[in-house]
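Here is the structure we will look at, set down as structure tokens.
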Amino acid sequence: MSRPPASPATPPRRPPTPGTRWWLTTRARIGFVLAVPLLGLLNEYLGFLVLIAAIVLIWKDNPWQKGAKVAATIGAMALLGAVVPDPPEDGASDTVAGADAKGTERERTAVTWPSPSPTRSQARPSQPPPEAPDYRGQRLDTARDKAEAAGFGVDEHNASDEGKSIMMRSNWTVCFQKTDWTSSGTKSIHFGAVQTGAPCPEADGGAIPWPRMPDLVWKTWKTAHKEVVDLGVVPDHHLRADTAYGNDRLPDEGEYDDWRVCVTDPAEGADVTLDTWVTLELTDPDNGCPEPDRGHDDKVDLPDRDGDGDPDYRDPFPGDRNRTSTFPDGFPSGSDSSGGGSSGGGDWNCPRTRWC
């Protein structure tokens with residue numbers, strides 16, 4: 001009697017590729033995605049960090065198809081969004097005050113908060129809001145730690161109309177605060193904050209009153225520099241000097257303090273924010289400012305009769321193109337007046353001249 005053919009043996013599993021790191025395996029990638037909502041329940045910022053790690057693992061050296069990677073990325077973000085709590089929407093009308101980034105307190109206009117829920121009103125119809133220290137003007141992370149230590153549940157939001165999310169509390173400053181009771185009878189406090197260095201808006205959720213670029217034309221570099229820094233939002237390394245004339249050059253630092261401002265960027269009256277870089281175009285007082293709409297590359301050149309790249313006002317030999325303020329004894333041997341090749345001289349350095 002013939003026997004039915006035996007079924008083929010199941011092929012053995014292939015062992016993982018030697019040298020594959022565990023966090024680059026499919027199980028590890030799926031595990032990181034699933035860890036996003038779990039850790040997000042404990043702490044929203046911890047969940048955000050795990051989300052970043054999961055996205056990196058999904059896209060780094062991953063054999064999955066692109067559609068699967070996109071779906072996994074969107075899924076991980078949706079999982080975190082599903083567990084992050086929404087900010088509380090209940091409160092009462094109150095008068096709040098803000099402080100600017102330096103801690104200067106200013107009385108703010110009344111801000112209408114959303115009306116409290118019926119449950120809260122019925123539970124505590126005549127209960128005044130809990131008292132809390134004034135945290136305005138303090139760094140947000142510091143204020144939050146102090147409020148939690150005082151027994152408050154804490155939440156925060158961007159106090160401006162710019163819509164930026166608060167990612168690093170250490171870079172934000174408290175402008176507004178509002179206390180209330182929760183439906184369970186615990187104390188809560190809500191902070192409105194702006195990025196450190198920015199002035200507080202007049203009302204919570206309003207526009208930031210950025211300072212405007214002052215009129216600096218024909219002021220000295222030293223005076224103009226101080227006025228820009230005194231705006232309070234432009235650090236010194238965001239302020240630079242340039243020449244107003246195309247063929248001019250600045251002296252060494254500290255030697256152009258009495259040079260005059262011809263052009264500012266941004267222009268007078270423009271908002272100056274934390275991200276603004278300021279450029280002041282300067283001229284020697286004896287030269288005056290260039291006339292607008294002349295010259296090339298939006299800049300006018302100073303007179304240079306011998307065409308050696310050294311303006312006449314600084315050229316001790318304005319009629320001799322072979323001698324300049326850089327080379328008062330003539331150009332190095334091996335060069336000629338036409339800027340041609342060298343003869344037995346080799347390379348030579350000629351900074352700030354037309355011969356290089």
Which of His190, Gln177, Arg169 passes side chain to side chain donor-acceptor pair (under 3.5 Å) with Glu156? Answer is Arg169

Is there a side-chain contact between Val278 and Pro266, using heavy atoms and a 4.5 Å cut-off?
yes

List the steps and the verdict of salt bridge (charged side-chain N to carboxylate O under 4.0 Å, His left out) for Asp248 and Arg314.
CA-CA 9 Å; Asp248 202 3; Arg314 69 162 64 246; 3.5 Å; yes

Identify the heavy atoms of Lys299 and Thr243 that sit nearest to each other, and give their distance.
NZ-O, 2.6 Å

Nearest-0.5 Å distance, NZ of residue Lys69 to CD1 of residue Ile74:
14.5 Å

Donor-acceptor pair, distance only, cut-off 3.5 Å: does the side chain of Thr179 make one with the backbone of Pro130?
yes

Cluster overlap Val194 with Leu231, hydrophobic side-chain contacts below 4.5 Å
yes

To the nearest 0.5 Å, what is the distance between CD (Glu202) and SG (Cys175)?
10.5 Å

Should Thr173 and Gln138 count as side-chain neighbours, where that means a heavy-atom distance under 4.5 Å?
no

Are the side chain of Trp172 and the backbone N or O of Gly192 linked by a donor-acceptor pair below 3.5 Å?
no

For the side chain of Thr196 and the backbone of Asn171, is there at least one donor-acceptor N/O pair under 3.5 Å apart?
yes

Are Gln195 and Asn158 side-chain neighbours, meaning at least one heavy-atom pair lies under 4.5 Å?
no

What closest approach, in Å, do Trp221 and Leu239 show between heavy atoms, and which atom pair accounts for it?
CH2-CG, 4.2 Å

What's the separation between atom OG1 in Thr223 and atom CG in Leu216, rounded to the nearest 0.5 Å?
9.5 Å

Please tell me if the side chains of Trp210 and Thr276 come closer than 4.5 Å, counting only heavy atoms from C-beta onward.
no

Between Ser165 and Met167 (side chain of the first, backbone of the second, donor and acceptor by atom type, cut-off under 3.5 Å), is there such a pair?
no

Considering residues, nucleotides and ligands other than Phe48, do more than 12 of their heavy atoms fall under 6.0 Å from its CZ?
no

pair Asp310-Arg249: side-chain heavy atoms closer than 4.5 Å
yes

From the list Asp284, Thr220, Asn287, side chain to side chain contact (heavy atoms under 4.5 Å, CB included) partner of Trp259 resolves to Asp284

When every non-hydrogen atom of Phe191 is compared with those of Ala147, the smallest separation belongs to CZ-CB, 4.1 Å

4.5 Å side-chain heavy-atom contact, Glu281 and Asp265
no

Would Leu250 end up clustered with Leu280 when hydrophobic side chains under 4.5 Å apart are linked, directly or stepwise?
yes

Atom CD of Glu255: over 12 foreign heavy atoms under 6.0 Å:
yes

Polar side-chain atom of Thr283 near backbone of Cys289 as donor-acceptor pair, under 3.5 Å
no

So, Asn247 side chain and Leu302 main chain: donor-acceptor pair closer than 3.5 Å or not?
yes

Please determine whether residues Val229 and Trp277 belong to a single hydrophobic cluster, defined as Ile, Leu, Val, Met, Phe, Trp and Tyr linked transitively by side-chain heavy-atom distances below 4.5 Å.
no

Any non-hydrogen side-chain atom of Leu282 less than 4.5 Å from a side-chain atom of Val261?
yes

Test item: Asp161 and Pro201 side chains (from C-beta on) under 4.5 Å apart, heavy atoms:
no

Quick check: closest heavy atoms across Gly288 and Tyr245, and the distance to 0.1 Å?
O-OH, 3.0 Å

Please assess Met213 against Val228 for the test side chain to side chain contact (heavy atoms under 4.5 Å, CB included), listing each intermediate value before the final yes or no.
CA-CA 8 Å; Met213 191 70 179; Val228 173; 4.2 Å; yes

Over all atoms of both residues, closest heavy-atom pair of Ala132 and Phe152
CB-CZ, 3.6 Å

Give the minimum heavy-atom separation between Pro235 and Val233, together with the two atoms involved.
CD-O, 3.5 Å

Less than 3.5 Å apart, any donor N or O on the side chain of Asp204 or His157 sitting next to an acceptor on the other?
yes

